Amino acid sequence: MTSLDTPALLSWFDRVGRPLPWRGDGVGAWEILLCEVMSQQTPVARVEPVWRAWLDRWPGPAELAAAAPADVIRMWGKLGYPRRALRLRECALAVVDLHDGRVPHDVDQLLALPGVGDYTARAVACFAYGRRVPVVDTNVRRVVARAVRGVAEAGPPSTRRDLAAVEALLPDDRERAVAFSVAVMELGALVCTARAPRCDDCPLAPTCAWLAAGRPEWDGPRRKVQTFAGTDRQVRGLLLDVLRDGDGTAARSALDAVWPDATQRDRALDSLLGDGLVVRVGEHYSLPA
DNA sequence: AAATCGTGGCG
DNA sequence: TCGCCAAGATT
């Protein structure tokens, strides 16, 4: 099996695809880039309100480029991985300075933007500009692994291999290629999910290699689960929480209160300073002005 | 190449 | 309950 049943897939999407706000007509490339970055490792449901709030406050790259990092970090709220917020602002600066304020069409130019990697560059080229390029995210990798290769999980990612695999499945027609990518991602998000795939509701069930093989369990390496409790990431989150919630400034004592282990606390604070998410002002700490 | 980087919800 | 997972990027 070297292809997916594209007609079945597209018809399924027409029926049950979610009307996400950035999928409508007239949504510009900047808005799409913004939602793609916000969606990195983040459930779509959490993204929508923040996406709207950002666009309301900063309609385009020029406005965001002029924003204070502190405001950007606050508006990011609790989406997680707050470095993305800073990179988004740097991305806006790059779009303004290098591309005359317009999001580039070219994948390589998109890849050069801060916070934009292989997935996001191709997602913008495809969804915003209708380019026929493979778009590979975790959903796409999982759907292809199951429906085409007949295995339960995608295994460790390899950009080159993954892109080639999806390129081979991509319809020749540009518009169908775009619809294909949207639909595969949606299928992975709604039906062909990681934990409890709903094969009964899957448009690809009649042709799915994994289902045909009796849904064999994955025998490859287990995806390593990132622990969170007790890690520096948790401490960073707690520290930043203090600065986000107040006026953006906190005394050392206020930061010290969030975590008992001084060594780890200092390490987390140092890393936040290194990332530019926090700055020291005299005896206090604050979000970067 | 493998580790790191938040947060919250669901099964 | 708690491990698992979510439209990845960067170093």
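Bear in mind that the values here come from a model prediction, so they are computed numbers and not experimental data. All chains are named by letter (A, B, ...) in the order of the sequence lines, taking the proteins before the strands, and each is independently numbered beginning at 1.
Of the residues in residues 16-27 of chain A, not one comes within less than 4.0 Å of DNA chain B through any heavy atom. At a non-hydrogen distance threshold of 4.0 Å, Arg87(A) from residues 59-96 of chain A come into contact with DNA chain C. Near DNA chain C, defined here as any heavy-atom distance below 4.0 Å, the residues from residues 32-40 of chain A are Glu36(A), Ser39(A), Gln40(A), listed numerically. Residues from residues 173-203 of chain A lying near DNA chain C, meaning a heavy-atom separation below 4.0 Å, are Met185(A), Ala189(A), Ala194(A), Arg195(A) in numerical order.
Mapping Asp241(A) and Lys224(A) onto DNA chain B by nearest heavy atom places Lys224(A) at the nucleotide closer to the 5' end.
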Chi angles and distances behind the salt bridge (Lys or Arg N to Asp or Glu O under 4.0 Å) call for Glu153(A), Arg142(A):
CA-CA 6 Å; Glu153(A) 296 183 21; Arg142(A) 186 174 54 250; over 6 Å; no
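Of the possible donor and acceptor atoms, one in the side chain of Arg131(A) sits under 3.5 Å from a partner among the backbone N and O of His105(A). Between the side chain of Arg252(A) and the backbone N or O of Tyr285(A), no donor-acceptor pair lies under 3.5 Å. Judged purely by atom type and a 3.5 angstrom limit, Thr231(A) uses its side chain to pair as donor or acceptor with the backbone of Phe228(A). In this structure, Asp173(A) contributes its side chain and Glu175(A) its backbone to a donor-acceptor pair below 3.5 Å. When atom types are taken as modelled, the side chain of Ser253(A) and the backbone of Ala251(A) share no donor-acceptor pair closer than 3.5 angstrom. Remark: the backbone N or O of Gly80(A) is paired with a side-chain donor or acceptor of Arg84(A) at under 3.5 angstrom.
Note: the hydrophobic cluster containing Val27(A) also contains Phe13(A) (ILVMFWY, side chain heavy atoms under 4.5 Å, direct or indirect links). Tracing side-chain contacts under 4.5 Å through hydrophobic residues (I, L, V, M, F, W, Y), one never reaches Val278(A) starting from Trp76(A); they form parts of separate clusters. Val182(A) and Val44(A) fall within a single hydrophobic cluster, where Ile, Leu, Val, Met, Phe, Trp and Tyr are joined by side-chain heavy atoms under 4.5 Å apart, directly or via other members. Cluster annotation: Leu55(A) is connected to Leu33(A) through the hydrophobic network of ILVMFWY side chains, with a link wherever side-chain heavy atoms come within less than 4.5 Å.
Within the 4.5 Å cutoff, no side-chain heavy atoms of Ser39(A) are placed close to those of Trp51(A). Using a 4.5 Å cut-off on side-chain heavy atoms (C-beta onward), Ser181(A) and Leu170(A) make contact.
With hydrogens and angles left out, the side-chain atoms of Arg176(A) and Thr6(A) include no donor and acceptor closer than 3.5 Å.
Within 4.0 Å of Val47(A), counting heavy atoms only, lies no atom of the nucleic acid at all. Note on Arg244(A): only backbone sugar-phosphate atoms sit closer than 4.0 angstrom, heavy atoms only; bases stay farther off. Residue-level contact check: Asp118(A) touches the backbone only, with heavy atoms under 4.0 Å from sugar-phosphate atoms and none from bases. Residue contacts for Gln226(A): at a heavy-atom cut-off of 4.0 Å it reaches a base atom on one of the strands shown. At the heavy-atom level, Thr138(A) lies under 4.0 Å from the strands shown only through sugar-phosphate atoms.
No more than 12 heavy atoms of other residues, nucleotides or ligands sit less than 6.0 Å from atom CZ of Arg174(A). Remark: Arg267(A) CZ is packed, more than 12 non-hydrogen atoms of other residues, nucleotides or ligands lying under 6.0 Å away. Under a cut-off of 6.0 angstrom, the local environment of CZ in Arg198(A) is sparse, with at most 12 non-hydrogen atoms contributed by other residues, nucleotides or ligands. Other residues, nucleotides and ligands contribute more than 12 heavy atoms inside 6.0 Å of the CZ atom of Arg57(A).
The footprint of chain A on DNA chain C, defined by a heavy-atom cutoff below 4.0 Å, extends from dG3(C) to dT10(C). Mapping heavy-atom proximity under 4.0 Å, the span of DNA chain B touched by chain A runs 5' to 3' from dA3(B) to dC10(B).
Between dA7(C) and dT4(B), the two P atoms lie 24 Å apart (nearest whole Å). Distance noted for atom P between dT11(C) and dG6(B): 14 Å (whole Å).
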